[in-house]
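Below: the structure, in structure tokens.
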Amino acid sequence: MALLALKDINKDFGIKEILRNASFSIEEGDRVGLIGTNGSGKSTLLKMIAGLEPIDSGEIWKNASSKIVYLPQQPELDEELTVLEQVFADSGDSMALVREYELISARLAENVGNADQLMAMLSRVSQQIDQANAWELETQAKVVLSKLGIKDFNVKIGTLSGGYRKRVAIATALLSEPDLILMDEPTNHLDALSVEWLQDYLGRYRGALFLITHDRYFLDRVTNRILEIDRGDLYPYGGNYSYYLEKKAAQEDAAVSSQKKHAGVLRRELKWLQRGAQARSTKQRARIDRIREMQNTEFKQAQGSVEIATAGRRIGKKVIELENVTKGYDGRTLIKDFSYLFTPEDRIGIIGPNGVGKSTLMNIITGREQPDAGTVDIGSTIHIGYFDQYSDDVNINENQRVIDYLKDVAELVTTADGTVITASKMLERFLFPPDQQYAPIHKLSGGERRRLFLLRVLMQAPNVLILDEPTNDLDVQTLSILEEYLEDFNGCVIVVSHDRYFLDRTVQTVFSFEGLGKLKQYPGNYSIYLEYKEKTEQEEKFKQEAASKPEKNKNSALQQSQDKPKSQNSSKPKKLSYKEKREYASLEENIPNLEEEKETLEQQLYTNPPSDYSEMQTLSQRLADLETEIETATERWMELAERVES
């Protein structure tokens, strides 16, 4: 059943055409990911569907019996409501019943009023709650909120930060159980664990999804269709993000081939035409008309991509040295006795839940904040480029023209290949066409502003690049180019991010905030860090379980085994066949070899990880395969061993 359909939609903002005769529909069970460069109109399209942005022409049809919920990047919530009240804002009388029950219970506990009357009221409300299934709704709401990192359910919305308001809005949208959710960057401001949970939740969600996200792992695992918006046109792809990348590459190759073939035919035809009067006889008029038609054929160029090619700056041996750095606020220690010597080749990822001190550490490194104790020593040749979450919003003049904002840094730029180009040309490389360069900054989308600020940072030719949540509001195309740029960047890179894909592509060492101000170092990228953590946690769990078993239980189990009547053991397992004996011997020989290979691979990954991303992924996958092989082989060996011993 169709939930939504758009037919021949047109939208133009004057300096940019957003949609041109766009048509598509969303059916039950669809999980559509909307992608495109910043400023291409992704958020505008969601707003048009939600009825918050008018269309110039065309038709938007919505199924009258379907519930559609829109989750914007910056949701507007009632600041006077508590978290739970906000979550249940669309759940009718259910929340009111629960609140009434709590008030009556409180009056009973305080001996306020007639006890018998209050008990009768409590019984009545309790029956109504059971009928409305409100208890289960409240429990489910608390589980969802907890998974999104919200623990205090009675705090007022007005006291929450923007990030936590977004989490409450996500919970509100999910618990309203709509037929279709329109989600604009739902993973922004979520930590990695919350993103993982939301990804799994949406994977089981029965309704349809239409979402915008920069998180490529999330996009790949949640969607079953991709819709690309490119300079006013919509292109559908029937698969997830991986499928889209495969088909997109094939289409662009085919388009290039077709264009080359067209050019070859046209050259030959023009050569024939230039032979002279004989070729221009009346008899050949049709051929001449065909040549003119070919000359007028237009091919849509491949979608523009950001070109990052700024010049580097020499970096010395001494980069940044932190020694026993400590920092806290209001009696809470965020960073305690942290020491590290950054090197020119470092690719560092900083991870941890929101509010633990990641941005504070970056501000200490850049001198924006001073540590309570310890020292920060910066090398004399170091020039830090800091792409943070907020300075583009705080320091930017909304009425300043785009090109003037860039010229404040430099009017001419030397690129990586030594070419000197103007600020205007640099803006074009970052997908800001000439007409947009002279528009005021407030005309830009959130993603375009972030891209502009990134260009401003890179134009300063830093040799230490600090990226604090760089993936927020940047499109996947820009992120891919930025990742390639960082691979060849001549200097130190420090990344604070919750984006798992970006961390896997860009870092070789992870520092994790693990409570009480402690930062722990892990070798490898984010996926390797996760594997190491899971392995460590499993080993610790096994140790605790083994230690918690009293010795007397072992003795008791042994005694019970000895006291069993022989009749209970009369049905002995069959002896091994010849084939099983060979399998048993093979397993005894193979398992130690597998464990030795696993140990060697772990040693390599944790002490001397390869710098090449593809090689790192291959080794990580082999380690995961080895663990599965060892587990399967060991279980089979134990099964056969019991029969050998019997």
Within the distance-only criterion (no hydrogens, no angle test), does the side chain of [X] pair as donor or acceptor with the backbone N or O of [Y] below 3.5 angstrom?
X: N525; Y: Q508; answer: no
X: Q521; Y: T509; answer: no
X: E428; Y: P434; answer: no
X: D230; Y: D233; answer: no
X: R167; Y: L148; answer: yes
X: N354; Y: H189; answer: yes
X: K166; Y: E185; answer: yes
X: N463; Y: H383; answer: yes
X: S512; Y: E514; answer: no
X: K327; Y: Q370; answer: yes

Task: side-chain contact (heavy atoms from CB on, under 4.5 Å) between L190 and I170, worked out - done: CA-CA 11 Å; L190 296 187; I170 290 173; 4.1 Å; yes

TODO: Apply the test side-chain contact (heavy atoms from CB on, under 4.5 Å) to residues I9 and L234: give CA-CA distance (whole Å), side-chain angles for both, the deciding distance (0.1 Å), then the verdict.
DONE: CA-CA 11 Å; I9 300 296; L234 288 177; over 6 Å; no

Should [X] and [Y] count as side-chain neighbours, where that means a heavy-atom distance under 4.5 Å?
X: L334; Y: L361; answer: no
X: V507; Y: V493; answer: no
X: L341; Y: E321; answer: yes
X: R450; Y: T478; answer: no
X: V402; Y: Y405; answer: no
X: M362; Y: I350; answer: yes
X: I335; Y: L519; answer: yes
X: L180; Y: V69; answer: no

TODO: Show your working on salt bridge (Lys or Arg N to Asp or Glu O under 4.0 Å) between D388 and R368 and close with a plain yes or no.
DONE: CA-CA 12 Å; D388 70 359; R368 297 184 181 188; 2.7 Å; yes

- [ ] Check the pair F338 / L322 against side-chain contact (heavy atoms from CB on, under 4.5 Å), numbers first and verdict last.
- [x] CA-CA 7 Å; F338 177 60; L322 275 64; 3.8 Å; yes

- [ ] For side chain to side chain donor-acceptor pair (under 3.5 Å), just list the numbers for D504 and Y217, CA-CA rounded to whole Å, side-chain angles, deciding distance to a tenth of an Å, and then say yes or no.
- [x] CA-CA 11 Å; D504 278 350; Y217 281 151; 2.7 Å; yes

Task: Any donor-acceptor N or O pair under 3.5 Å, side chains D499, Y526 - done: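 Distance-only check fails for D499 and Y526.
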
TODO: Decide whether N38 and S445 meet the rule of one side-chain donor and one side-chain acceptor closer than 3.5 Å.
DONE: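 Short answer, no.
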
Hey, could you give me the [atom1]/[atom2] distance between [X] and [Y], rounded to the nearest 0.5 Å?
X: H442; Y: R449; atom1: NE2; atom2: CZ; result: 10.0 Å
X: L503; Y: L530; atom1: CG; atom2: CG; result: 10.0 Å
X: L412; Y: M459; atom1: CG; atom2: CE; result: 9.0 Å
X: F513; Y: D191; atom1: CZ; atom2: CG; result: 13.5 Å
X: S480; Y: L474; atom1: OG; atom2: CG; result: 11.0 Å
X: I35; Y: Q477; atom1: CD1; atom2: CD; result: 5.5 Å

Task: For S146, all residues meeting side-chain contact (heavy atoms from CB on, under 4.5 Å), sequence neighbours excluded - done: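 For S146, the residues satisfying side-chain contact (heavy atoms from CB on, under 4.5 Å) (neighbours in sequence not counted) are K151, F153.
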
So which heavy atom on [X] is nearest to which on [Y], and how close?
X: L406; Y: L427; result: CD2-CG, 3.5 Å
X: F502; Y: P470; result: CE2-CG, 3.7 Å
X: I229; Y: L19; result: CD1-CD2, 3.6 Å
X: L465; Y: L467; result: CG-CD2, 3.9 Å
X: G491; Y: I315; result: CA-CD1, 4.1 Å
X: L219; Y: G33; result: CD1-CA, 3.9 Å

TODO: Taking atom CD of E369 as the centre, report whether more than 12 heavy atoms of other residues, nucleotides or ligands fall under 6.0 Å from it.
DONE: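 Yes, CD of E369 has more than 12 neighbouring heavy atoms, counting only those of other groups under 6.0 Å.
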
TODO: Assess whether atom NZ of K533 is packed by more than 12 heavy atoms of other residues, nucleotides or ligands within 6.0 Å.
DONE: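 More than 12 heavy atoms, drawn from other residues, nucleotides or ligands, come within 6.0 Å of this atom.
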
Task: NZ or CZ of R456 within 45° of F430 ring axis and under 6.0 Å - done: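 No - R456 does not lie over the ring of F430 by the 6.0 Å and 45° rule.
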
TODO: Check the pair V83, D152 against side-chain contact (heavy atoms from CB on, under 4.5 Å), reporting the backbone distance first and the verdict last.
DONE: CA-CA 8 Å; V83 168; D152 189 348; over 6 Å; no

TODO: Taking the six-membered ring for Trp and the single ring otherwise, decide whether the centroids of F342 and Y340 are under 6.0 Å apart.
DONE: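 Yes: the rings meet the under 6.0 Å criterion.
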
Open item on the list: Quick check on side chain to side chain donor-acceptor pair (under 3.5 Å): which of Q437, E411, K407 does S424 satisfy it with?
Closed with: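 Answer after filtering Q437, E411, K407: Q437.
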
Task: Pairs involving residues 345-363, ordered by first then second residue, that meet salt bridge (Lys or Arg N to Asp or Glu O under 4.0 Å) (sequence neighbours left out) - done: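 Matches after skipping sequence neighbours: none remain.
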
Open item on the list: If the condition is side chain to side chain donor-acceptor pair (under 3.5 Å), which residues does R500 pass it with, not counting sequence neighbours?
Closed with: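 Expected list: E196, Q199, D215.
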
Only distances under 3.5 Å count here; give the side-chain donor-acceptor pairs of residues 39-49 to other protein atoms, sequence neighbours excluded, each with its distance to 0.1 Å.
unit_1	atom_1	unit_2	atom_2	d
S40	OG	T37	O	2.6
K42	NZ	G36	O	2.9
K42	NZ	T37	O	3.3
S43	OG	D184	OD2	2.7

Open item on the list: Restricting to salt bridge (Lys or Arg N to Asp or Glu O under 4.0 Å), what partner residues turn up for E483, sequence neighbours left out?
Closed with: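 Checked E483 against salt bridge (Lys or Arg N to Asp or Glu O under 4.0 Å); matches are R216, R505.
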
Task: Residues forming a salt bridge (Lys or Arg N to Asp or Glu O under 4.0 Å) with E17, sequence neighbours excluded - done: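 Per chain and number, E17 pairs via salt bridge (Lys or Arg N to Asp or Glu O under 4.0 Å) with R20.
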
- [ ] Quick one: sort the F210 and F24 rings into parallel, tilted or perpendicular, breaks at 30° and 60°.
- [x]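 Taking F24 first and then F210, their aromatic rings sit tilted (interplane angle of 30° to 60°).
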
- [ ] Show your working on side chain to side chain donor-acceptor pair (under 3.5 Å) between N224 and N240 and close with a plain yes or no.
- [x] CA-CA 5 Å; N224 57 22; N240 63 3; over 6 Å; no

